[in-house]
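Below is one structure, written out as structure tokens; comments come after it.
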There are 2 protein chains.
Amino acid sequence: MKKIQRSQCPLANALDVLGDKWSLLVIRDLALGASTYGELLQAPEGIPTNLLADRLKRLQAQEIVEKTAYQQRPVRYSYSLTEKGNGLKPVLLELLKWGLAYVPDTRLPDAVLGKINLKSVVRNQSDLD
Amino acid sequence: MKKIQRSQCPLANALDVLGDKWSLLVIRDLALGASTYGELLQAPEGIPTNLLADRLKRLQAQEIVEKTAYQQRPVRYSYSLTEKGNGLKPVLLELLKWGLAYVPDTRLPDAVLGKINLKSVVRNQSDLD
DNA sequence: TCATGTTGCTTGCAAAAAGCAAGTCATAAA
DNA sequence: TTTATGACTTGCTTTTTGCAAGCAACATGA
């Protein structure tokens, strides 16, 4: 069932996993502290529930996201980024900076401003921690 | 027919433009020196010609790419990155570094190695190890 | 002049993915 | 017993993707 890779280019391979409109938004929300399925559904972009389920499966298969049951009866799950997932934070930050710089009518919500260190315009892995 | 934006998040807006499997690959090739339609078609990933035409149109509409006729009789066109398009290079670099660091069986072709600031790639790659 | 080739696309169509609404299942609380 | 919540799944329509062809404007060679 595994697809063969389009090329050995690391960028093409990254896009095979992340090249859609939702995956990086899910990763954004996990990076900003969301952890349950319900919280991820609350994102302002309104991801359809079947797509959220699909993306979480794919991201788990890629070991970018992990799922753990944090309680039993009733069982409740929490999602979080793996180390590989955390490795995407510099990507999120560069895309964010590009959007802010070049796409009109974009801004960071105040709630997010507190979590990101935009002063360090240089990429810094701990910016989104 | 301009779509309304999903949210004001700069990341979401960036993904509305770039969130697919081909756009950033086209931008990669332009950044690496490709300039004609035919050259862009030669990318190892094998982009279908109708999708290349579509992506070039969309990227021009977003002012990420510009098209100029560099000769008449016969008319020949060259594509290049605008300043907005060049602003995506840090994004390409971070995605590339992530792919190199975390996706198995990826590598940079020798032809590309000469064109990229290898120091920054290597330095950050070791940070991720 | 005619056949052939090259560049830069467009068109048609089947298959895959996205998007929307509704349904399901295991509890838990009222 | 009814209602509610979390975490999804299913069904169906619309949109996008991915081939394969086709086409127009020249250029070149016989």
Side-chain angles (χ1 to χ4, degrees), chain A residues 1-7 12-13 15-27 29-30 33-62 65-80, chain B residues 1-7 12-13 15-27 29-30 33-62 65-80:
Chain A
M1 291 270 259
K2 208 177 279 183
K3 287 177 199 167
I4 56 152
Q5 56 182 174
R6 294 189 288 182
S7 76
N13 280 274
L15 291 172
D16 282 339
V17 178
L18 304 167
D20 69 89
K21 294 202 190 312
W22 294 111
S23 296
L24 283 171
L25 291 186
V26 171
I27 293 164
D29 291 335
L30 292 172
S35 65
T36 67
Y37 191 90
E39 284 169 358
L40 291 170
L41 266 187
Q42 303 310 309
E45 290 82 13
I47 184 170
T49 176
N50 56 337
L51 292 191
L52 176 57
D54 177 77
R55 291 306 182 275
L56 286 171
K57 264 176 205 163
R58 288 169 46 171
L59 292 172
Q60 284 170 80
Q62 297 294 324
V65 163
E66 59 191 0
K67 175 186 184 178
T68 51
Y70 65 86
Q71 77 167 41
Q72 298 298 326
R73 72 181 55 56
V75 63
R76 292 287 180 260
Y77 301 100
S78 101
Y79 293 92
S80 57
Chain B
M1 284 292 241
K2 205 176 277 187
K3 289 175 196 165
I4 56 152
Q5 55 180 18
R6 294 187 289 182
S7 76
N13 281 273
L15 290 172
D16 282 340
V17 178
L18 305 166
D20 70 87
K21 293 201 191 312
W22 295 111
S23 295
L24 284 170
L25 291 186
V26 171
I27 292 165
D29 292 335
L30 292 172
S35 65
T36 66
Y37 190 90
E39 284 170 358
L40 291 169
L41 267 187
Q42 303 309 311
E45 290 82 14
I47 183 170
T49 177
N50 57 335
L51 292 191
L52 176 57
D54 178 78
R55 292 306 183 274
L56 286 172
K57 264 176 205 162
R58 288 167 48 171
L59 292 172
Q60 284 171 79
Q62 296 295 324
V65 163
E66 60 190 359
K67 175 186 185 178
T68 51
Y70 66 86
Q71 77 167 43
Q72 299 296 328
R73 35 189 71 274
V75 191
R76 292 290 180 261
Y77 301 101
S78 100
Y79 293 92
S80 57

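Below, chain A is the first sequence line, B the second, and so on; all start at residue 1.
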The test is side-chain contact (heavy atoms from CB on, under 4.5 Å); show your working for B:Y37 and B:T49 and say whether it passes.
CA-CA 9 Å; B:Y37 190 90; B:T49 177; 2.7 Å; yes
Nearest whole angstrom, please: distance from the [atom2] of [N] to the [atom1] of [X].
X     : N      : atom1 : atom2 : value
B:K57 : C:dT11 : NZ    : P     : 8 Å
B:L51 : D:dA20 : CG    : P     : 14 Å
B:D16 : D:dT15 : CG    : P     : 17 Å
B:D20 : D:dT16 : CG    : P     : 11 Å
A:I47 : D:dT9  : CD1   : P     : 14 Å
B:D54 : C:dC9  : CG    : C1'   : 13 Å
A:Q60 : D:dA7  : CD    : P     : 13 Å
B:R73 : D:dA27 : CZ    : C1'   : 11 Å

Ignoring backbone atoms, test whether [X] places a side-chain nitrogen or oxygen under 4.0 Å from the OP1 or OP2 oxygen of [N].
X     : N      : result
A:K67 : D:dG6  : no
A:W22 : C:dG19 : yes
B:K21 : C:dA16 : no
A:R55 : C:dA18 : yes

Using a 4.5 Å cut-off on heavy atoms from C-beta on, say whether the side chain of [Y] contacts that of [X].
X     : Y     : value
B:T36 : B:R76 : no
A:D20 : A:R58 : yes
B:I47 : B:L25 : no

Starting at CG of A:L56, measure out to OH of A:Y79 and round the result to the nearest 0.5 Å.
5.0 Å
Result for 5'-nearest mapping on DNA chain C, choosing between A:P74 and A:P48, is A:P48
Where the side chain of B:R76 is defined as all heavy atoms beyond and including C-beta, which of C:dG8, C:dA22, D:dA7 is the nearest nucleotide?
C:dG8
If you only use heavy atoms from C-beta on, which nucleotide in D:dA20, D:dG6, C:dC9 is closest to the side chain of B:N50?
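Closest nucleotide among those given: D:dA20.
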Comparing nearest nucleotides in DNA chain D, the 5'-proximal residue of the pair A:Y79, B:G46 is A:Y79
